[in-house]
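Contents: one structure, followed by commentary.
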Amino acid sequence: MKKIYTLIALLAASGLVSQAQTFKSVAVNLKDGSKVEINLADDLSATFDNENLFITSGDQDISVLRSQIESFIFSDQAISGLDEVTDSGHEPVITGGSMVFGDLPDGSRIEVYTIAGSLVSEAVASGTYTLGLDTLPSGALIVKVNGVAYKIAARK
């Protein structure tokens with residue numbers, strides 16, 4: 001049987017409730033070291049069954065296996081999708097419908113994700129690598145190179 005909890009009930013069950021606190025995001029830390037993050041809306045609900053935790057907030061629906069959950073973290077800051085912003089010193093150049101990366105160390109990983117987090121493209125390269133933007137779906141994308149992320153808008 002499923003139980004539906006509001007944000008306050010979920011916070012109370014986690015021991016994190018505070019009448020003065022307004023939470024804007026939740027991160028579910030998984031046992032494998034990864035995490036699932038969601039920005040909270042006023043209509044947040046969490047549904048539990050014997051195997052899964054379902055979180056619904058605004059237009060986001062996330063399902064997590066209960067057996068994989070290590071912990072929850074609630075925050076008063078919204079999640080941007082990036083843990084930190086750093087300067088790699090090797091900024092890419094966008095020219096002629098391509099994104100060109102130079103001075104890449106051997107085994108560099110180039111990954112392209114949709115804003116929703118779906119992997120669109122991946123490659124391993126060294127030296128100079130050219131990413132053809134015309135091969136990517138239109139819209140906002142995240143290009144991640146060796147842990148440094150760039151937000152781009154691809155157009156066809």
Side-chain angles (χ1 to χ4, degrees), residues 2 4-5 7 10 14 23-156:
K2 293 183 179 182
I4 299 177
Y5 295 88
L7 175 58
L10 182 61
S14 302
F23 294 103
K24 294 184 181 175
S25 64
V26 61
V28 180
N29 296 310
L30 303 179
K31 291 180 180 176
D32 68 1
S34 63
K35 65 182 166 182
V36 176
E37 298 175 320
I38 186 169
N39 287 320
L40 305 177
D42 292 336
D43 61 349
L44 171 79
S45 69
T47 305
F48 297 88
D49 66 16
N50 290 335
E51 297 178 6
N52 297 292
L53 162 64
F54 303 98
I55 300 173
T56 303
S57 183
D59 61 352
Q60 301 179 69
D61 294 312
I62 295 176
S63 174
V64 181
L65 286 171
R66 289 178 69 177
S67 63
Q68 298 302 311
I69 297 173
E70 181 71 28
S71 63
F72 292 89
I73 298 173
F74 293 90
S75 174
D76 62 351
Q77 302 295 312
I79 297 166
S80 70
L82 301 175
D83 289 333
E84 76 181 70
V85 177
T86 59
D87 181 4
S88 68
H90 301 287
E91 300 306 317
V93 176
I94 298 179
T95 180
S98 296
M99 190 171 190
V100 181
F101 298 88
D103 298 324
L104 295 174
D106 288 341
S108 293
R109 294 191 51 80
I110 298 95
E111 302 163 319
V112 181
Y113 295 91
T114 65
I115 294 298
S118 299
L119 181 66
V120 173
S121 172
E122 63 183 327
V124 177
S126 61
T128 300
Y129 177 79
T130 302
L131 175 65
L133 300 178
D134 58 346
T135 64
L136 302 175
S138 295
L141 301 168
I142 302 294
V143 178
K144 186 174 175 184
V145 180
N146 296 330
V148 178
Y150 305 92
K151 185 175 180 181
I152 65 167
R155 293 188 176 92
K156 290 198 177 195

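We're numbering straight along the sequence, starting at 1. This structure is a prediction, so every number in the text was calculated from the model and none was measured.
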Below 4.5 Å, heavy atoms only, C-beta onward: do Pro92 and Tyr150 meet side chain to side chain?
yes
Quick one: does Asn52's side chain get under 4.5 Å of Leu65's, heavy atoms only?
yes
Calculate, to the nearest 0.5 Å, the distance between atoms OG1 and CG belonging to Thr114 and Leu119 respectively.
9.0 Å
Distance check, rounded to the nearest 0.5 Å: Tyr129 atom OH versus Leu104 atom CG?
10.0 Å
Grab the two heavy atoms, one from Gly107 and one from Ser126, that are nearest each other, plus how far apart they are.
N-CB, 4.4 Å
Heavy atoms of Ala140 and Lys151 approach each other most closely as CB-CE, 4.4 Å
Please list, chain by chain and in numerical order, all residues satisfying side-chain hydrogen bond (donor to acceptor under 3.5 Å, both in side chains) with Arg66, sequence neighbours excluded.
none
Got a second to check how far Ser118's OG is from Leu141's CG, nearest 0.5 Å?
11.0 Å
Only one of Thr130, Leu131, Leu133 forms a side chain to side chain contact (heavy atoms under 4.5 Å, CB included) with Ser98, so which one is it?
Thr130
How close do Val120 and Leu136 get, counting heavy atoms only, and between which atoms?
CG1-CD2, 4.2 Å
When you measure from the side chain of Asp103 to the backbone N and O of Thr128, does any donor-acceptor pair fall under 3.5 Å?
no
Any chance you could measure Ser108, atom OG, to Asp106, atom CG, to the nearest 0.5 Å?
7.5 Å
